[in-house]
There are 2 protein chains.
Amino acid sequence: MRPTVHDIAEAAGVSLATVDRVLNRRPGVRAETRARVEDAIGRIGFVRDMAAANLAKSRIYPLVFIIPNGDNSFMAGLRQEIEEAIQRSPLERTEIQRIDVPAFDARALAEALDSLLADPPVGVAVVAVDAPEVHAAIGRLREQGTVVVTLVSDLPGSARDHFAGVDNIAAGRTAGSLMGRFLGGRTGSVAVIAGSMLVGDHRDRLTGFSERLNEINPTLDILPVLESQDDPDAVYRLISKRLAADPEIAGIYNLGAGNRGLIRALTGLRESHGRPMVIAHELTQHTRHALLDDLIDAILNQDPGHEVRSAIRVLKAKADGVPVIDAQERIRIDIFLKDNLS
Amino acid sequence: MRPTVHDIAEAAGVSLATVDRVLNRRPGVRAETRARVEDAIGRIGFVRDMAAANLAKSRIYPLVFIIPNGDNSFMAGLRQEIEEAIQRSPLERTEIQRIDVPAFDARALAEALDSLLADPPVGVAVVAVDAPEVHAAIGRLREQGTVVVTLVSDLPGSARDHFAGVDNIAAGRTAGSLMGRFLGGRTGSVAVIAGSMLVGDHRDRLTGFSERLNEINPTLDILPVLESQDDPDAVYRLISKRLAADPEIAGIYNLGAGNRGLIRALTGLRESHGRPMVIAHELTQHTRHALLDDLIDAILNQDPGHEVRSAIRVLKAKADGVPVIDAQERIRIDIFLKDNLS
DNA sequence: CAGATTTTGAGGTACGTAAATCAGAAATTG
DNA sequence: CAATTTCTGATTTACGTACCTCAAAATCTG
């Protein structure tokens with residue numbers, strides 16, 4: 001049988017109350033006694049039964065997720081995962097609230113963050129927008145004692161406790177690697193579409209992509225970035241125009257959202273002549289079909305389910321002052337071809 | 001506040017004892033009363049607090065993992081993950097025992113399985129070897145009421161309850177896809193190394209690889225499979241010989257273990273002329289370095305940590321008669337390039 | 001060394017569920 | 001309708017931890 005608090009008490013020759021004081025960092029224990037108890041804990045290998053502890057505490061963790069309300073599939077997937085986490089709430093002793101804010105709107109986001117100050121939750125997960133007012137709002141929450149993690153989109157240099165998302169420079173490099181290798185020694189130009197160059201993630205992806213592609217095949221010509229605001233229709237217009245201007249385009253990399261527009265543009269192309277190599281981000285029902293239909297060659301993905309669950313784990317751990325196992329919380333960059341669609 | 005058993009009792013107008021009888025499928029409840037209680041459960045949205053339930057039951061799940069004792073890095077990684085699960089045991093109410101058996105030895109494996117019959121654990125996870133005696137031994141365990149999941153290597157057609165591993169045909173197809181695309185329109189021959197064609201997984205990978213590579217580039221010539229018994233030295237010898245015989249070889253696919261031998265053979269090659277395209281399985285410290293050193297182009301991976309944790313979840317769930325969420329337990333085929341090493 | 005203060009002990013209740021006992025009510029049987 | 005069987009209620013204990021109170025002991029102060 002695994003040791004309990006009673007065993008600690010016996011091993012240390014103290015009472016249960018003292019053990020409890022030590023375990024829960026309550027005052028009123030001499031340093032010497034504390035050491036004796038801690039020694040006993042180590043000796044008999046006691047591990048607190050979190051289930052029982054949570055039961056006794058009937059602790060719940062009020063958490064808030066703030067995400068942009070754009071209608072792109074990735075955010076829809078993220079929203080879905082948050083909803084599922086809300087369903088699981090009673091089992092995980094969390095109480096999760098989801099707040100939607102307009103996309104790319106730093107002001108609205110900062111206001112949403114500040115609205116939490118009145119009744120601050122234990123933790124907040126937020127899809128960050130890179131702006132001073134957001135920095136400041138996060139700082140205010142942190143000062144209140146609220147744990148803040150950025151989700152999907154980071155805010156380096158801010159007071160956030162953790163980032164639950166991928167390394168976007170590495171993601172860009174991975175895309176560049178695939179593009180370079182898939183195109184082999186071919187020459188020609190490569191089109192790149194982003195949501196907005198004002199978003200840190202998108203800048204990072206572009207940086208990584210350009211660097212890596214240039215390493216592998218310097219003869220490829222990376223065209224100036226097209227900005228879509230993550231709007232499928234804009235993606236469609238921009239890509240169609242580009243393809244019309246240069247039908248011999250060798251590759252397309254969409255590092256932002258709006259893949260539906262990309263797919264639409266490619267579908268039209270298909271019948272006429274061979275299509276360019278296409279790499280995009282985020283596995284959704286649309287990109288999944290496009291992969292299977294040979295309209296897209298590779299999809300880079302970050303699993304929103306992992307991100308949400310990781311964010312929750314980290315928020316709870318940091319709230320309890322428990323260390324986070326970084327390796328476990330690292331979000332991977334998944335590569336999907338039509339053959340390994342999970 | 002979330003509803004408790006007391007709330008069910010009140011809502012259904014019955015006593016706590018009756019609710020308990022219904023919840024835990026104990027006899028002595030009229031169908032009509034049972035229905036009333038179940039209706040109330042649904043109506044008020046009761047979800048059993050598993051933490052409290054386990055606490056009350058003080059249930060522990062005795063589990064056994066049986067794995068081959070080969071010294072290749074993948075199995076070492078698997079062993080490591082099992083050890084970590086053993087460390088976590090007290091927290092997860094499991095009691096895990098690890099049994100090592102000689103690799104590729106059906107007789108020894110069957111004996112190990114049969115040895116459990118005396119004091120059968122709740123669940124067994126086993127890296128299967130495809131042989132009639134293993135089928136039979138698994139059947140006997142199942143009849144005893146023990147849950148059996150195959151790990152890494154499946155035994156289709158046997159009585160196992162679940163398989164915690166990847167779809168190896170899809171893994172082979174993914175490798176074929178990458179090889180075909182990375183080689184572009186090039187012609188030449190592709191060498192394939194396997195551990196043993198007697199192992200189902202390896203046969204599956206070869207099937208998928210050949211199919212897919214042939215679809216993409218039929219001019220590539222897939223050479224007859226080399227069998228290494230997953231021994232690094234054998235891999236080194238076989239590959240070196242093959243490379244000496246045909247220095248113009250376009251690609252190498254190692255679908256088995258023994259990557260250390262492959263890497264050694266490639267290191268020698270490096271200085272002389274360009275090396276072939278290389279794809280292998282399982283991310284280990286060796287293959288990781290080889291990726292970073294540009295000795296290997298892509299690694300397909302199955303995460304042993306995921307497999308072990310999934311196996312434990314499934315064993316516990318099946319032991320409790322709780323349904324398993326298949327989507328959650330699907331083990332992905334990860335693709336790693338040097339750029340997305342997690 | 002008296003008095004104040006800090007430290008420790010003993011014991012209880014609570015969390016939500018499981019599991020048991022025993023008595024009483026209802027339904028079924030002959 | 002009495003005897004039996006089946007079903008249901010009321011109550012209790014237990015799981016391991018948290019947290020509270022009150023009293024007793026030890027230590028520190030001047």
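Letters go in sequence order (proteins before strands), and every chain restarts at 1.
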Dump every N/O contact between nucleotides 28-30 of chain D and the protein below 3.5 Å, one line per pair.
none

**Study point:** Protein-nucleotide distance (A:Arg59, atom CZ; D:dC19, atom C1'), rounded to Å
**Key:** 15 Å
Practice item. Apply salt bridge (Lys or Arg N to Asp or Glu O under 4.0 Å) to B:Arg34 and list each qualifying residue two or more places apart in sequence or on a separate chain. Key: none
Exercise for review: Using whole Å, report how far CZ of B:Arg34 lies from C1' of D:dT6.
Suggested key: 13 Å
Check your understanding: Who passes salt bridge (Lys or Arg N to Asp or Glu O under 4.0 Å) against A:Asp49, sequence neighbours left out?
Key -> A:Arg2, B:Arg93
Check your understanding: B:Glu84: what forms a salt bridge (Lys or Arg N to Asp or Glu O under 4.0 Å) with it, not counting sequence neighbours?
Key -> none
**Study point:** Any residue meeting side chain to side chain donor-acceptor pair (under 3.5 Å) with B:Glu282, in chain and number order, not counting sequence neighbours
**Key:** B:Gln302
Revision key, fill the gap. Quick note, side-chain hydrogen bond (donor to acceptor under 3.5 Å, both in side chains) partners involving residues 113-126 of chain A, not counting sequence neighbours, are A:Asp114-A:Arg140
Review point. With sequence neighbours left out, which residue pairs that include part of residues 50-68 of chain B fulfil the salt bridge (Lys or Arg N to Asp or Glu O under 4.0 Å) condition?
Key: B:Arg59-B:Asp320
Check your understanding: Under 4.0 Å between a side-chain N/O of A:Ser15 and OP1 or OP2 of C:dA10, yes or no?
Key -> no
**Study point:** Partners passing side chain to side chain donor-acceptor pair (under 3.5 Å) against A:Arg330 (at least two apart in sequence or in another chain)
**Key:** none
**Study point:** Test side-chain contact (heavy atoms from CB on, under 4.5 Å) applied to B:Arg30 - qualifying residues, sequence neighbours left out
**Key:** B:Glu32, B:Thr33
Exercise for review: Using atom CD1 of A:Ile41 as one end and atom C1' of D:dT17 as the other, report the distance to the nearest whole Å.
Suggested key: 13 Å
Are any protein N/O atoms closer than 3.5 Å to N/O atoms in nucleotides 22-26 of chain D? If there are, list each pair with its distance.
none

Check your understanding: What pairs with A:Arg332 under salt bridge (Lys or Arg N to Asp or Glu O under 4.0 Å), at least two apart in sequence or on another chain?
Key -> A:Asp334, B:Asp303, B:Asp334
Practice item. Quick one, give me the B/S/- string for nucleotides 11-18 of chain C, reading 5' to 3', where B means a protein heavy atom under 4.0 Å from the base and S means that only happens at the primed atoms, P, OP1 or OP2. Key: ----BBBS
Practice item. Could you please spell out the steps behind the side-chain contact (heavy atoms from CB on, under 4.5 Å) verdict for A:Leu116 and A:Ile99? Key: CA-CA 11 Å; A:Leu116 301 176; A:Ile99 299 182; 4.1 Å; yes
